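These notes are about the structure you will find just below.
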Amino acid sequence: AALLAPALKTAREKAKQIACMNNLRQFGLASAAYSDEYDGDLIPCYTASLSFKVWAQYFPAAGLKFQNWGELGKDVSPVFICPTSPMKYGDLGASPMQRFNYGYNLYLGANVVYKLAAVNRPAEKPQIMDSALRAGSAWPDRCSYYESDESTMGFWHAGGANVLFLDGHVSRHVPGDATAYWFATPP
């Protein structure tokens, strides 16, 4: 039994990593549906012009339930929670923006909406990834996106982070994989 314990632990972690990648694939499908519905628009990281709305609030139409500001204490879809993250749902603070473990690329629309067709290399541009930003940040939505380098990524999958790219593929990355293009405004 003692010989099997490390193998079982590795298998459990691999299953969690696959579940996380599947969460990101769900975001990719929902994002593609959104772009189809809204004339090629990308989901913005956030909008504040008329009413404050972060990326996760654009997904309910695709069946991905997210808490809005007035819905604290209600269920959030498990797709917003990475099964490997050391920060679980109850630990993430009171703000609904701190109830999930993924970050959206700030450079894909901070109060601006870009067209998917305007992105030159969608297979190289991250959209959503494991995020390490959490409760206690100055902005309540701060955990919902990552910024200008890898320091905000959550490398909790055996030292790697799962990343969804704009073309819909998901892959695992380790520190040092990111390029300057990851953290640049489109195109």
Side-chain angles (χ1 to χ4, degrees), residues 3-32 42-46 54-56 59 64 76-89 91-93 97-110 114 116 119-137 139 141-187:
L3 294 174
L4 289 177
L8 289 174
K9 183 178 178 185
T10 301
R12 271 193 301 271
E13 171 50 37
K14 189 65 175 172
K16 289 179 182 180
Q17 181 181 346
I18 290 169
C20 174
M21 293 177 110
N22 286 334
N23 288 349
L24 290 169
R25 284 185 186 96
Q26 289 294 315
F27 289 132
L29 292 171
S31 295
L42 287 172
I43 291 174
C45 181
Y46 69 85
V54 298
W55 65 274
F59 287 122
L64 304 179
V76 63
S77 173
V79 76
F80 288 99
I81 309 297
C82 172
T84 302
S85 170
M87 293 169 262
K88 299 302 178 199
Y89 181 84
D91 301 333
L92 300 182
M97 302 305 136
Q98 298 167 335
R99 301 247 183 230
F100 50 97
N101 302 119
Y102 297 105
Y104 197 90
N105 188 342
L106 176 65
Y107 297 97
L108 292 179
Y114 291 104
L116 180 57
V119 180
N120 289 336
R121 302 183 322 247
E124 299 174 34
K125 178 63 84 178
Q127 182 179 21
I128 302 171
M129 66 174 59
D130 287 319
S131 176
L133 292 174
R134 289 293 162 255
S137 300
W139 285 77
D141 69 314
R142 189 124 167 105
C143 67
S144 68
Y145 55 80
Y146 63 92
E147 294 184 35
S148 59
D149 59 39
E150 294 179 329
S151 66
T152 59
M153 292 172 67
F155 293 106
W156 38 64
H157 296 288
N162 291 328
V163 180
L164 167 69
F165 290 83
L166 282 177
D167 70 342
H169 85 275
V170 176
S171 56
R172 181 177 176 275
H173 292 270
V174 296
D177 279 354
T179 67
Y181 184 66
W182 281 29
F183 308 108
T185 303

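Keep in mind it's a predicted model, so treat the numbers as computed, not measured. Just so it is clear, the values below take in all heavy atoms, side chains as well, and ignore hydrogens, waters and symmetry mates.
- Taking both residues in full, the closest heavy atoms of Pro44 and Tyr104 are given as C-CE2, 3.9 Å, listed atom of the first, atom of the second, then distance.
- With sequence neighbours left out, the side chain to side chain donor-acceptor pair (under 3.5 Å) criterion links Arg12 to no other residue.
- For the side chain to side chain contact (heavy atoms under 4.5 Å, CB included) test, residues two or more places apart in sequence or in another chain that qualify with Leu29 are Gln26.
- Ser171 and Phe165 make their closest contact through OG-CE1, 3.5 Å (heavy atoms, listed as atom of the first residue, atom of the second, distance).
- Contact annotation: the side chain of Val174 never approaches that of Phe155 to less than 4.5 Å [non-hydrogen atoms, C-beta and beyond].
- Contact check for Met129 versus Tyr102: no side-chain heavy atoms found under the 4.5 Å cut-off.
- Taking every heavy atom of both residues into account, Met153 and Ala161 meet most closely at CE-CB, 3.8 Å.
- Note that CG of Asp167 and CG of Leu116 are 9.5 Å apart. Values are rounded to the nearest 0.5 Å.
- When the side chain to side chain donor-acceptor pair (under 3.5 Å) test is applied to Thr10, no partner is found at least two apart in sequence or on another chain.
- Residues meeting the side chain to side chain contact (heavy atoms under 4.5 Å, CB included) test with Asn162, sequence neighbours left out: Gln17, Cys20, Met21, Leu24, Asp130, His157, Arg172.
- Taking the side chain to side chain contact (heavy atoms under 4.5 Å, CB included) definition, one finds that Glu124 meets it with Arg121, Tyr181, sequence neighbours left out.
- Under the side chain to side chain contact (heavy atoms under 4.5 Å, CB included) criterion, Asn22 pairs with Ile18, Arg25, sequence neighbours left out.
- Note: Asn105 CG to Leu42 CG = 10.0 Å, rounded to the nearest 0.5 Å.
- Rounding to the nearest 0.5 angstrom, the gap separating the CG atom in Leu164 from the CZ atom in Phe27 is 9.0 Å.
- Pairing each heavy atom of Ser31 with each of Gln127, the nearest pair is OG-NE2, 3.1 Å.
- When side chains are defined from C-beta on, Leu108 counts as touching Leu166, because their heavy atoms get closer than 4.5 Å.
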